[in-house]
Amino acid sequence: MNKEKVLVTSALPYANGPIHLGHLSGAYLPADIYVRYKRLKGDDIIYICGSDEHGVPITISADKEKVSPNVIIDRYHEKNKAAFEKFGMSFDIYSRTSLPIHHKTAQEFFKKFHENGLLVEKKSMHFYDNKANMFLPDRYVEGTCPRCGYEEARSDECEKCGSLYEPQELLNPKSKISGDTPELKETSHWYFPLGKYQKFLEDYIQEMNSNYGWKDNVLQYCKGWFKDGLKDRAVTRDLDWGIKVPLPNSEGKVIYVWFEAVLGYISATKIFSENLNKPDLWKDYWQGKDTKYIAFIGKDNVVFHTIIFPAMLQAWNENSETKFILPQNVPANEFLNFEGKKFSKSRGWGIDVDEFLELFPADPLRYTLASNLPENKDTDFYWKEFQAKNNNELADILGNFINRTFIFAGKHFNNEVPSRNELSEIDNKMLNDLQVYPRKIAELFENYKIKDAVLEMMNLTRNANKYFNDSEPWVTVKKDKSICGTTINICLQTIYTLAEIFSPVIPFSSKKIFSMLNSEPTEWLSIGINNLKVGHKLNKSEILFKKIEDDVIQVQLDKLPSSEIVKEKIHEISFEDFSKIKLKIAKIVSAESIKKSNKLLKLKVELKNETRQIIAGIAQSYSPEELINKKVVIVSNLKPAKLFGELSEGMILAVENNTGKLNVLEVDENIAIGTDVR
RNA sequence: GGCGAGGUAGCUCAGUCGGUUAGAGCAGUGGAAUCAUAAUCCACGUGUCGGGGGUUCGAAUCCCUCUCUCGCUACCA
């Protein structure tokens with residue numbers, strides 16, 4: 001099989017704050033899983049990322065803390081780098097855009113465009129804050145809208161009425177940085193002719209999509225931009241912080257971040273090459289005709305990776321001997337929300353990666369996020385779901401399968417792989433699964449369907465448990481140990497396969513499993529039925545996934561700002577709906593427990609002129625005797641149902657206290673039976 | 001305001017270039033089993049596929065309309 005040459009990048013995180021779970025779900029975890037899979041498959045792949053360290057927000061953070069921007073970027077670069085590492089991100093390099101080599105690369109692109117006459121200089125008026133000594137980006141100026149009078153309008157646009165205007169029209173402008181009234185000053189900027197590349201980009205996206213099937217959401221975003229028509233974009237800014245414009249007389253001007261950050265992928269690859277002492281290696285990837293470049297991003301970044309970056313690369317290619325490759329696919333994800341709402345640092349909503357990993361290991365988080373990636377639409381992270389995924393799937397299904405197999409191998413086969421003897425039908429079926437699943441999962445990975453791939457991994461694990469159950473080794477070990485040996489042999493092969501196919505998702509645990517197996521991963525397509533030789537000695541096993549208790553999760557839930565907690569949605573019903581429910585007072589005249597059920601009681605209740613049988617799930621809260629003669633509220637027109645073969649003609653209302661004990665609703669002795677409750 | 005996305009089982013999500021009885025996991029109920037982290041396995045879903053209208057032999061899937069949520073428009077994946 002041909003080895004592919006693959007270049008993978010994940011969006012460069014902005015070094016102005018810690019990364020949170022949403023970032024992971026968007027651009028990092030899916031890429032890491034893909035890359036780890038590709039490495040096991042044996043493809044030639046490199047994975048590039050780094051910090052994006054320029055732009056106005058960083059300078060503002062720096063001003064607020066009265067430190068230099070370097071302090072900010074150093075802090076968050078290191079913090080995020082460490083968090084990624086702890087999370088198990090397997091970047092080949094995690095670089096940063098403040099490095100000289102990046103400045104040089106970006107300037108080279110800028111100069112090339114300038115020399116070829118692509119950049120156009122235009123003069124315009126911008127607000128200048130004399131106190132802060134800087135030109136103000138549009139969103140840092142606030143004033144009254146000249147059209148509708150809205151008082152929080154921006155310098156060029158009003159959010160309220162949607163009108164666009166020139167900065168000089170804005171009334172009562174205020175700098176959001178210093179609060180002073182800014183002054184209008186003329187400045188000039190260089191513009192990149194994005195419109196010139198619209199046709200090229202439309203063709204490019206069309207072609208890539210028909211060859212490689214781009215995601216629908218990505219295509220939709222692009223379509224929107226094309227429909228509006230691509231316009232020239234200013235690629236310089238009046239700012240001290242950033243990459244200096246490499247032209248004479250351009251003091252105080254830097255290259256706009258969006259125009260250089262994407263080039264960070266290239267400069268980072270250069271550093272990667274240098275670190276390996278192969279300074280030209282980066283060209284094999286970026287300029288290698290057969291390399292496929294996959295850019296993993298979140299949806300907010302689509303325009304930069306499908307339009308601006310490709311346009312820049314094309315602009316280079318048109319004017320140079322060397323040709324860069326363009327993204328073959330941009331599998332952008334939607335967003336991950338947190339407990340039903342958007343992550344918001346200012347409102348304390350959500351959790352940062354480093355904070356999370358202080359509390360729990362990386363693998364359960366990776367698994368939880370991977371099995372609910374926002375591939376098609378926004379999804380949510382819920383603490384309860386995290387707990388459930390960890391306990392019910394990783395611990396109970398995967399962990400327990402491994403554990404029960406190892407214990408068997410230890411107890412009955414001296415910690416060695418027993419021989420595989422005559423095969424039954426279920427043996428063959430399991431062995432077949434071991435060959436089918438890795439291929440099925442590979443196929444899904446190749447199409448960036450990470451979430452489905454993860455589902456299939458757990459499905460194989462379910463099959464494994466079923467195989468174990470159906471084979472009943474605890475029976476065969478006594479009757480015919482060779483049959484039992486066959487079962488355990490196959491279970492161990494299964495564990496090997498699971499360790500490998502799960503390794504992109506839960507790399508830390510996978511490593512432990514391989515160590516328990518006293519073995520190592522092999523090429524993806526060689527996994528299956530014969531990776532462990534008969535007689536192979538196993539190591540000691542350990543519990544892989546600890547259960548997470550309710551109270552541990554509750555602590556996290558309690559930490560959330562209560563004002564932000566999503567109120568339970570109340571489904572309103574009409575009075576008409578309510579009046580359909582006939583509640584009546586009934587007296588319990590007899591009660592007995594039901595055989596083989598530990599929750600149900602069989603009750604006879606008396607209404608006005610009738611006696612009914614009701615089966616109630618209150619046996620754990622009441623003994624039959626203490627119910628006799630209680631006057632309770634029942635739903636009298638509930639459709640009858642059979643429970644445990646007994647007819648139940650109604651339902652008794654009860655409430656649960658904080659220990660889980662039920663209390664039936666009772667009324668005074670002087671209320672007549674059969675009375676309607678209203 | 002404009003543009004876009006979404007509203008599918010109690011919950012989290014698949015599916016849909018129109019076509020047999022609309023799916024998975026979790027939760028729930030019942031059963032089997034007891035090797036195992038009380039862990040596993042089996043069975044069980046009458047869901048107006050957001051509301052209404054239309055096209056069609058046939059729509060969750062196409063069109064129109066209404067409604068709710070969210071995003072983009074404005075350098076946080």
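Quick note on labels: first sequence line is chain A, next is B, and so on, each numbered from 1.
- The shortest distance between side-chain heavy atoms of R233(A) and W258(A) falls below 4.5 Å.
- With sequence neighbours left out, K231(A) forms a salt bridge (Lys or Arg N to Asp or Glu O under 4.0 Å) with no residue at all.
- Within the structure, every side-chain polar atom (N or O) of N403(A) is placed at least 4.0 Å from both OP1 and OP2 of A39(B).
- Between U40(B), G15(B), C13(B), one nucleotide has an atom nearer to the side chain of T379(A) than all others, and that is C13(B).
- When rounded to the nearest whole Å, the span between CZ of F386(A) and P of C11(B) equals 23 Å.
- Rounded to whole Å, the separation between the P atoms of G25(B) and C44(B) comes to 12 Å.
- Within 4.0 Å of G298(A), counting heavy atoms only, lie sugar-phosphate atoms of the nucleic acid but no base atom.
- In this entry the distance linking CG of D380(A) with P of G6(B) reads 16 Å, nearest Å.
- Among the nucleotides C26(B), C75(B), C41(B), the one closest to the side chain of N465(A) is C41(B).
- Using a 4.5 Å cut-off on side-chain heavy atoms (C-beta onward), H23(A) and N80(A) make no contact.
- Here K411(A) reaches the OP1 or OP2 of A36(B): one of its side-chain N or O atoms lies under 4.0 Å away.
- For U37(B), the base has no donor-acceptor partner in the side chain of N400(A) [N/O atoms by modelled type, under 3.5 angstrom].
- No contact: F343(A) has no heavy atom under 4.0 Å from any strand.
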Quiz prompt | Which nucleotides of RNA chain B pair, in dot-bracket form (Watson-Crick or G-U under 3.5 Å, | meaning another strand) | solution = (((((((..((((.....[...)))).(((((.......))))).....(((((..]....))))))))))))....

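- One cannot find a donor-acceptor pair under 3.5 Å joining the base of A5(B) and the side-chain atoms of N217(A).
- Residue contacts for L336(A): at a heavy-atom cut-off of 4.0 Å it reaches a base atom on one of the strands shown.
- Among the atoms of the strands shown, only primed sugar atoms or phosphate atoms (P, OP1, OP2) are found under 4.0 Å from some heavy atom of Y382(A).
- The side chain of K451(A) contributes an N or O atom lying less than 4.0 Å from OP1 or OP2 of A14(B).
- Counting non-hydrogen atoms under 4.0 angstrom, G399(A) reaches a base of the nucleic acid.
- Residue N392(A) places at least one side-chain N or O closer than 4.0 Å to OP1 or OP2 of A27(B).
- Legend: residues meeting salt bridge (Lys or Arg N to Asp or Glu O under 4.0 Å) with K384(A), ordered by chain and number and at least two apart, are absent.
- Listed pair K377(A) / A14(B) meets the phosphate criterion, a side-chain N or O lying under 4.0 Å from OP1 or OP2.
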